[in-house]
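To start, the structure itself, in structure tokens.
Proteins get letters first, then strands, A, B, ... in listed order; numbering begins at 1 in each. Atom set for the values below is all heavy atoms of this structure, side chains included, hydrogens, waters and symmetry mates excluded. Note that this is a predicted model, so its numbers are computed, not measured.
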There are 2 protein chains.
Amino acid sequence: MFRALADATRRDIVRRTLIAEATVSELADSYDMSFAAVQKHVAVLEEAGLVTKRPRGRERMVSGNPEAIRRAQTLLDQFEQIWRARIDRLDALLDSEENE
Amino acid sequence: MFRALADATRRDIVRRTLIAEATVSELADSYDMSFAAVQKHVAVLEEAGLVTKRPRGRERMVSGNPEAIRRAQTLLDQFEQIWRARIDRLDALLDSEENE
DNA sequence: GCCTAGTACAACCATTTGGTTGTACGTTAT
DNA sequence: ATAACGTACAACCAAATGGTTGTACTAGGC
């Protein structure tokens with residue numbers, strides 16, 4: 001999941017497909033690499049659940065999945081919580097020292 | 001940055017060092033891999049700014065950097081915004097169709 | 001002063017990653 | 001019907017990744 005977001009091209013694909021659906025070849029036209037390369041990126045994103053693909057005729061419509069984004073946010077939020085807890089403990093420690 | 005978070009061991013190091021500072025060897029003891037491997041993970045995290053290292057005697061204290069976490073959150077928030085904008089546009093479209 | 005603990009760093013290795021080209025196959029358009 | 005389009009997928013390649021061991025250097029403990 002974070003691995004999928006680790007590549008700039010893939011992040012851009014996620015961004016684009018969150019804005020609006022796009023076919024694989026539409027996406028491929030945007031980047032300076034082969035169709036197959038973009039196809040692979042989409043496959044990685046799909047496996048990570050960041051994107052879904054649905055057939056429309058001979059095309060595949062790719063669309064970004066906000067659910068997955070939120071899951072990533074949740075993990076980072078947990079880190080934030082952990083950090084806050086640490087600060088709280090330090091504050092408590094300082095308070096108790098003040099009263100000595 | 002996302003690349004640094006893509007590895008489970010590294011995420012755990014970030015988590016631990018957000019809770020409390022730890023020396024490199026303290027961290028190394030926790031994982032089933034060589035000291036050097038953990039050292040490399042810390043180096044990757046440090047380069048990504050997710051962690052800072054400061055010397056204390058012969059030890060290096062590693063601590064998680066909440067700033068970097070927030071930067072990652074910001075990026076995901078932008079994705080969320082993009083998604084909301086899309087929804088808004090679709091809603092507007094549906095509204096206009098209703099009035100035909 | 002000397003051994004040990006903690007770290008840094010290089011060299012090496014297997015696997016994964018991000019890219020390529022080529023081939024095959026279903027769908028659409030003419 | 002057939003040509004062209006959009007996609008899937010395999011084979012291949014170079015570079016990056018995640019790990020190892022070995023060596024060297026510095027700070028502390030005895």
So do A/Ile19 and B/Arg89 actually touch side chain to side chain, heavy atoms under 4.5 Å?
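Yes, close enough: below the 4.5 Å cut-off.
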Can you confirm whether A/Ile69 sits close enough to B/Trp83 that some side-chain heavy atom of one is under 4.5 Å from a side-chain heavy atom of the other?
no
Could you say whether A/Ala6 or A/Gly57 is positioned toward the 5' end of DNA chain C, judged by the nucleotide with the nearest heavy atom to each?
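Final value for this comparison: A/Ala6.
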5'-most by nearest nucleotide on DNA chain C - A/Arg56 or B/Glu59:
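It is B/Glu59, whose closest nucleotide lies nearer the 5' terminus.
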So the side chain to side chain donor-acceptor pair (under 3.5 Å) pairs with at least one residue in residues 64-75 of chain B (sequence neighbours excluded) are A/Asp77-B/Gln73, A/Glu80-B/Arg70
For A/Leu94, side chain to side chain contact (heavy atoms under 4.5 Å, CB included) partners two or more places apart
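Partners of A/Leu94 under the side chain to side chain contact (heavy atoms under 4.5 Å, CB included) test: A/Glu97.
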With sequence neighbours excluded, tell me which residues meet side chain to side chain contact (heavy atoms under 4.5 Å, CB included) with B/Glu21.
A/Arg86, B/Arg54, B/Met61, B/Ser63
Hey, can you pull the donor-acceptor pairs under 3.5 Å for the side chains in residues 31-49 of chain B, sequence neighbours left out?
residue, atom, partner, partner atom, Å
B/Tyr31, OH, B/Asp12, OD2, 2.6
B/Ser34, OG, B/Ala37, N, 3.1
B/His41, ND1, B/Arg10, NH1, 3.2

Any residue of [range] with a heavy atom less than 4.0 Å from an atom of DNA chain D:
range                     : value
residues 23-42 of chain B : B/Met33, B/Ser34, B/Ala36, B/Ala37, B/Lys40, B/His41
residues 45-55 of chain A : A/Lys53
residues 7-22 of chain A  : none

Is B/Leu18 linked to A/Ile87 within one hydrophobic cluster, defined over Ile, Leu, Val, Met, Phe, Trp and Tyr using a side-chain heavy-atom separation of less than 4.5 Å?
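As far as the 4.5 Å side-chain criterion goes, A/Ile87 and B/Leu18 are connected within one cluster.
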Between the protein and nucleotides 13-15 of chain C, which nitrogen or oxygen pairs are less than 3.5 angstrom apart?
none

Restricting to nitrogen or oxygen on both sides, can you table the protein-nucleotides 1-5 of chain C pairs closer than 3.5 Å?
residue, atom, partner, partner atom, Å
C/dA5, O4', B/Arg58, NH1, 3.4
C/dA5, N3, B/Arg58, NH1, 3.3

Using every non-hydrogen atom in the two residues, find where [X] and [Y] come nearest and quote the distance to one decimal.
X       : Y       : answer
A/Ala72 : A/Met1  : CB-CE, 3.5 Å
A/Thr9  : A/Asp7  : N-OD1, 2.9 Å
A/Ala4  : A/Leu50 : CB-CD1, 3.7 Å
B/Val51 : B/Gly64 : CG2-CA, 3.9 Å

Can you name the side chain to side chain donor-acceptor pair (under 3.5 Å) partners of A/Arg16, sequence neighbours left out?
A/Ser30
For DNA chain D, which nucleotides open and close the run of contacts to chain B, 5' to 3', at under 4.0 angstrom from a non-hydrogen atom?
D/dT17 to D/dG28
So, taking the atom named CG in A/Leu5 and the one named CG in B/Leu76, what distance separates them when rounded to the nearest 0.5 Å?
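Answer for the CG-CG pair, A/Leu5 versus B/Leu76, is 6.5 Å.
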What's the separation between atom CG in A/Asp91 and atom CZ in A/Arg84, rounded to the nearest 0.5 Å?
11.5 Å
If only atom types and distance count, is the side chain of B/Arg15 paired as donor or acceptor with the main-chain N or O of A/Gln78 below 3.5 Å?
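Judged by distance alone, no pair lies under 3.5 Å.
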Tell me, which pairs form a salt bridge (Lys or Arg N to Asp or Glu O under 4.0 Å) where one or both residues lie in residues 56-66 of chain B, sequence neighbours left out?
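Qualifying pairs: none.
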